[in-house]
Student: 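Have a look at this one.
What you see below is based on every heavy atom in this structure, not just the backbone, and it leaves out hydrogens, waters and symmetry mates.
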Amino acid sequence: MCLILFAWKTHPRWPLVLAGNRDEFHARATTPLHWWAGGQVLAGRDEVGGGTWMGVTPDGRFAALTNYRDPRRELRDAPSRGRLVLDYLQGSMGPQIYLGEVAAEAHRYNGFNLLCGSPDEAWVLGSLKKQLEPVTPGIHGLSNAHLNTPWPKLARGRDALAETLTALPDTNPLLDLLADTTRATDAELPDTGVGLEWERLLSSAFIRSPHYGTRASSVLLLNKHEGSLRERSFDAQARITGERAETWSLVQRS
């Protein structure tokens with residue numbers, strides 16, 4: 001994913017309210033949201049790397065990942081970062097322990113931020129600094145820099161997320177904020193090494209271009225008893241190509 005906005009322990013019903021956009025090349029093969037891995041993972045599937053960008057399990061483990069944008073640090077033969085999400089979802093380690101183990105191997109991957117948790121706790125690992133930190137109650141955001149780096153789209157998104165919480169369980173306002181195509185001014189743009197035209201393109205929450213853009217918008221609501229995940233998919237013209245939604249009562253893992 002390239003934008004994750006989440007409210008942690010600020011809503012009376014939902015300890016986790018997460019809204020995120022997955023931005024990717026349109027040609028990369030993807031299967032939309034579904035239950036897979038023997039019904040133990042609810043997520044979309046990246047058919048190239050075999051992992052996912054965000055997912056959740058029947059017992060409420062969740063994980064989501066953003067890439068860290070720095071083309072100067074790109075490793076040509078690095079393993080897929082989406083497998084890190086899948087490994088947490090299919091495993092049994094607590095998020096702090098799991099991310100501690102991932103940190104020791106982070107140098108093998110291209111840069112990333114990995115959010116892992118359960119209805120009780122959530123942790124974030126930034127691979128470049130190998131910085132592992134607990135998520136504190138509040139409104140947070142991850143884009144392609146560190147946690148809560150105030151890029152314009154992240155700042156706008158956090159403000160919009162705070163305003164939508166009163167509308168829950170209606171998730172349409174969350175999908176609406178993810179559809180924001182407002183670009184930053186040139187003066188507001190970060191310099192991440194990809195060039196001015198790409199910085200402009202990537203500065204909006206929802207990205208639209210013929211070859212690369214927002215492929216899916218997702219909204220996850222989670223507490224100790226129930227979960228809800230909704231995904232909307234898009235084509236290269238930013239047209240909605242499908243929508244899927246799952247709600248379930250959390251079960252104890254056997």
Student: Any donor-acceptor pair under 3.5 Å linking the side chain of Asn148 with the backbone of His140?
Tutor: no
Student: Can you pull out every side-chain hydrogen bond (donor to acceptor under 3.5 Å, both in side chains) where at least one residue sits in residues 191-206? Sequence neighbours excluded, please.
Tutor: Arg69-Thr192, Arg69-Glu199, Asp186-Arg200, Thr192-Glu199, Glu197-Arg200
Student: To the nearest 0.5 angstrom, please state how far the OG atom of Ser218 sits from the CG atom of Leu3.
Tutor: 11.5 Å
Student: Going by the rule side chain to side chain donor-acceptor pair (under 3.5 Å), which residues pair with Thr31 if we only count those two or more places apart in sequence or in a different chain?
Tutor: Glu47
Student: Would you confirm whether Thr214, through its side chain, and Ile207, through its main-chain N or O, come within 3.5 Å as a donor-acceptor pair?
Tutor: yes
Student: If you link I, L, V, M, F, W and Y whenever their side-chain heavy atoms are under 4.5 Å apart, who else ends up in the same group as Ile240?
Tutor: Phe206, Phe234
Student: Any idea which heavy atoms bring Gly111 and Leu128 closest together, and the distance?
Tutor: CA-CD1, 3.5 Å
Student: Check whether more than 12 heavy atoms from other residues, nucleotides or ligands sit under 6.0 Å from atom NZ of Lys130, and answer yes or no.
Tutor: yes
Student: Taking salt bridge (Lys or Arg N to Asp or Glu O under 4.0 Å) as the definition, give me every residue that meets it alongside Arg156, ordered by chain and number, with sequence neighbours left out.
Tutor: Asp180
Student: Centres of the Tyr212 and Phe25 rings: under 6.0 Å?
Tutor: yes
Student: Is any side-chain heavy atom of Val219 closer than 4.5 Å to one of Leu175?
Tutor: yes
Student: Using a side-chain heavy atom cutoff under 4.5 Å and only I, L, V, M, F, W and Y, what cluster partners does Leu42 have?
Tutor: Met1, Ile4, Phe6, Trp8, Leu16, Leu18, Leu33, Trp35, Trp53, Met54, Val56, Phe62, Leu115, Val124, Val135, Leu142, Leu147, Leu220, Leu222, Leu229, Trp248, Leu250
Student: Is a side-chain donor or acceptor of Asn21 paired with a backbone partner of Leu178 at a separation under 3.5 angstrom?
Tutor: yes
Student: What are the two closest heavy atoms between Leu174 and Leu177, and how far apart are they?
Tutor: O-CG, 3.2 Å
Student: Under 3.5 Å, side chain of Asp59 to main-chain N/O of Gln252, donor-acceptor pair present?
Tutor: no
Student: Is it true that a side-chain atom of Ser217 and a backbone atom of Arg232 form a donor plus acceptor pair closer than 3.5 Å?
Tutor: no
Student: State which residues pass side chain to side chain contact (heavy atoms under 4.5 Å, CB included) with Ile97; sequence neighbours excluded, sorted by chain then number.
Tutor: Met93
Student: Taking all non-hydrogen atoms of both residues into account, name the closest pair between Leu89 and Thr57 and its distance.
Tutor: O-CG2, 3.3 Å
Student: Within a strict 4.5 Å, meaning less than it, do heavy atoms of the Asn223 and Arg13 side chains meet?
Tutor: yes
Student: Taking all non-hydrogen atoms of both residues into account, name the closest pair between Val17 and Trp14 and its distance.
Tutor: CG2-CB, 3.8 Å
Student: Which pairs, with at least one residue in residues 85-106 and sequence neighbours excluded, count as a side-chain hydrogen bond (donor to acceptor under 3.5 Å, both in side chains)?
Tutor: none
Student: Between OG of Ser233 and CZ of Arg239, what distance do you get to the nearest 0.5 Å?
Tutor: 14.0 Å
Student: How close do Ser127 and Ala106 get, heavy atom to heavy atom, and via which atoms?
Tutor: CB-CB, 4.0 Å
Student: Any salt bridge (charged side-chain N to carboxylate O under 4.0 Å, His left out) involving residues 73-83? Give me the pairs, sequence neighbours left out, ordered by first then second residue.
Tutor: Asp70-Arg73
Student: Which class fits the ring pair His34 and Trp36: parallel under 30°, tilted 30 to 60°, perpendicular over 60°?
Tutor: parallel
Student: Give the cluster check for Tyr68 versus Leu99: same hydrophobic cluster or not, with ILVMFWY residues linked at side-chain heavy-atom distances below 4.5 Å.
Tutor: no
Student: Return yes if a side-chain donor-acceptor contact under 3.5 Å exists between Asn144 and Thr66, otherwise no.
Tutor: no
Student: Enter the distance from Arg183:CZ to Leu201:CG here, rounded to the nearest 0.5 Å.
Tutor: 5.0 Å
Student: Tell me every residue that passes side chain to side chain donor-acceptor pair (under 3.5 Å) with Thr30, counting only those two or more places apart in sequence or in another chain.
Tutor: Arg22, Arg215
Student: Nearest 0.5 angstrom please: Ser118 OG to Lys224 NZ, how far?
Tutor: 8.5 Å
Student: Starting from Leu189 and following side-chain heavy-atom contacts under 4.5 Å between hydrophobic residues (I, L, V, M, F, W, Y), which residues can be reached?
Tutor: Leu196
Student: Starting at CD of Glu188, measure out to NZ of Lys153 and round the result to the nearest 0.5 Å.
Tutor: 13.0 Å
Student: Holding to side chain to side chain donor-acceptor pair (under 3.5 Å), I want the full list of residues that pass it with Trp123, two or more places apart in sequence or in another chain.
Tutor: Glu121
Student: Out of curiosity, His146 NE2 to Asn113 CG, how far, rounded to the nearest 0.5 Å?
Tutor: 7.5 Å
Student: Is there a side-chain contact between Gln40 and Arg61 (heavy atoms, below 4.5 Å)?
Tutor: no
Student: Can you name the closest pair of heavy atoms from Gly44 and Thr52 and give their distance?
Tutor: O-OG1, 2.6 Å
Student: Can you check whether His225 reaches Ser249 side chain to side chain, under 4.5 Å on heavy atoms?
Tutor: no
Student: Please identify each residue that fulfils side chain to side chain donor-acceptor pair (under 3.5 Å) with Asn172, with sequence neighbours left out.
Tutor: Asp170, Arg230
